[in-house]
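Here the structure is laid out as structure tokens; the discussion comes afterwards.
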Amino acid sequence: MREKILTKRLQFDTTPELYAEVESVCSLLDCSKREFLEMAVCEAINKARTVFEATFKDATGQEFGTQVEGE
């Protein structure tokens with residue numbers, strides 16, 4: 001029996017030019033728009049976390065997630 005994979009929709013409207021660019025890149029990479037956008041979102045999340053953690057360390061002198069509650 002095939003298990004159900006729970007998913008949520010993540011979408012946005014964009015310009016026709018950006019849409020065409022994404023389609024072109026997907027064709028070159030032989031991947032679907034979904035695969036490409038998932039890769040792009042994951043990369044953006046990782047970059048945002050890195051920037052946030054560096055900013056937190058600069059501001060507090062501590063690694064993010066190491067501060068004990070009540071300090």
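- Counting heavy atoms from C-beta outward, F12 and T14 have side chains that approach closer than 4.5 Å.
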Table please: side-chain donor-acceptor pairs of residues 17-24 below 3.5 Å, with sequence neighbours left out.
{"from": "Y19", "atom 1": "OH", "to": "E23", "atom 2": "OE2", "distance (Å)": "3.4"}
{"from": "Y19", "atom 1": "OH", "to": "K33", "atom 2": "NZ", "distance (Å)": "3.4"}
{"from": "E23", "atom 1": "OE2", "to": "K33", "atom 2": "NZ", "distance (Å)": "3.4"}

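- Counting heavy atoms from C-beta on, the side chains of E53 and E63 never come closer than 4.5 Å.
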All N/O donor-acceptor pairs, side-chain side in residues 37-52, below 3.5 Å, sequence neighbours left out:
{"from": "E38", "atom 1": "OE2", "to": "R34", "atom 2": "NE", "distance (Å)": "3.1"}
{"from": "N46", "atom 1": "ND2", "to": "C42", "atom 2": "O", "distance (Å)": "3.3"}
{"from": "T50", "atom 1": "OG1", "to": "N46", "atom 2": "O", "distance (Å)": "3.0"}

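- The shortest heavy-atom contact between S32 and C26 is O-SG, 3.7 Å.
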